[in-house]
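Notes follow the structure.
Below, read A as the first sequence line, B as the second, and so on, with proteins coming before strands; counting in each chain starts at 1.
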There are 2 protein chains.
Amino acid sequence: MDITSDTHSQHISRQFNQELEELKTRLMAMGGLVEKQVQDAVTALLDGDTRLAERVIDNDNQVNAMQIRLDEECTRVLARRQPAASDLRLVLAVIRAASDLERIGDEASKIARNAIGLVEADNGSRGFVEVRLISEHVRMMVRDALTSFARFDTELALKVVHEDEQVDSEYQSAMRALMTFMMEDARAISPVLSVMWILRALERIGDHANNLAEYVVYLVKGLDIRHTDPDELDEQSLTRKG
Amino acid sequence: MDITSDTHSQHISRQFNQELEELKTRLMAMGGLVEKQVQDAVTALLDGDTRLAERVIDNDNQVNAMQIRLDEECTRVLARRQPAASDLRLVLAVIRAASDLERIGDEASKIARNAIGLVEADNGSRGFVEVRLISEHVRMMVRDALTSFARFDTELALKVVHEDEQVDSEYQSAMRALMTFMMEDARAISPVLSVMWILRALERIGDHANNLAEYVVYLVKGLDIRHTDPDELDEQSLTRKG
């Protein structure tokens, strides 16, 4: 290393920064596709559009391919650049975030599959109001989590973590309403169960958005807040150094 | 590096190997705890033992703490040793595997929470046969996945991947049986729904065991088989180099 001239090392470090930026850009592209998958899956259900649902299921391959590609890029950067400190944290956070995005994609596929079953059985729209409400909330969480990642914005990330609590309580009350539908009408059991799986998938998507937000805090603060009660997170203590 | 004596570099590399072994040992310890959590959660349900179920819920903190600790160790090894090739793959596989083990722990907690609700409501044991069958299958998958990781045994890992398909079909047929119970008796809806959540949790545990097995293949062969249809995995092509 001592034979390296300043210009040379500046060149290396500029290249390295470009590679890190490239990883973030790829992650955001993957996030954009995944956001669209969730939106399309819910639209397919609400509009009874089975062709759109089929497309969501087909597109899941693209999401999977993006994760594999991103993982390969990250592994290559780790092996070639041997990053330390915050650069290392960034690469690890990208690997983790890609895994959560891939799982959000899986949940979108599950929603699409249940939507097809529901549309084909033509069993009314019990629970659709709840699906619409929770899906809008959860999609906002995914969008905010991605934005907080792109901007290293811990304040927005903490907002996402708090939103997840709210989604959980909306989910619980929707499940109670759906159980009542089932008890009132045995013929509703099968379709309402499908709506329950859809709600469960949405709630999971919220959890993954929450994970993404937690990686942002880890990234910026070097602080692992997974498994910390959101109410114990003092925003001041997290944003002080920001 | 050229001033380094052979003995010195041998010393370094021995220390490094010890650190990698230590990561594997820690992962196996975490795996052992998680296996026990799954077993205890199911036993709590089948024996109606709410105290055991409470213990499972309490112990989830330990699982979470083990993941955080393991992640920190992995990050430290990456930063300090800057491993390449198969060593780098090992550290990344440990990070991924710890994340799946943590999620298996979450599912065990969910099973325990549903078990408490079911025992307290005292609503019979519809679906318990199915839970026992699938839980035994899934626990074997988790155990085999961990063993395949410990021994870098790709043949055993592929066995786990194939088992997951079988569990999925057992899960589907159990869900159909449970839906029939619901339709026959509206009072059964609430307890049967709890059993459905338990089955869903078990099916997820199978998915995570499947992930663990896929990391072993990635680790040993440098081959990413996630998102590959298990039937397309030619065992010969994977074990040829083994």
Is it the backbone or the side chain of B:R80 that comes under 4.5 Å from a heavy atom of chain A, or both, or neither?
-> neither
Residue part contacting chain A, namely of B:R81, when any heavy atom lies under 4.5 Å = neither
Closest non-hydrogen atoms of A:S190 and B:M183, given as atom of the first, atom of the second and distance, are CB-CE, 4.0 Å
Contacts with chain B made by residues 165-176 of chain A (heavy-atom distance under 4.5 Å), listed by residue number | A:Y171, A:M175
Mind checking which of residues 64-79 of chain B sit less than 4.5 Å from chain A, heavy atom to heavy atom?
-> B:N64, B:Q67, B:I68, B:D71, B:T75, B:L78, B:A79
Contact part of B:N211 toward chain A, heavy-atom cut-off under 4.5 Å: side chain, backbone, both or neither?
-> side chain
Checking B:D100 against chain A: side chain, backbone, both or neither under 4.5 Å from a heavy atom?
-> side chain
From B:I189 atom CD1 to A:L178 atom CG, the distance as rounded to the nearest 0.5 Å | 11.5 Å
Working to the nearest 0.5 Å, report the span between CZ of A:R200 and CE of B:M196.
-> 12.5 Å
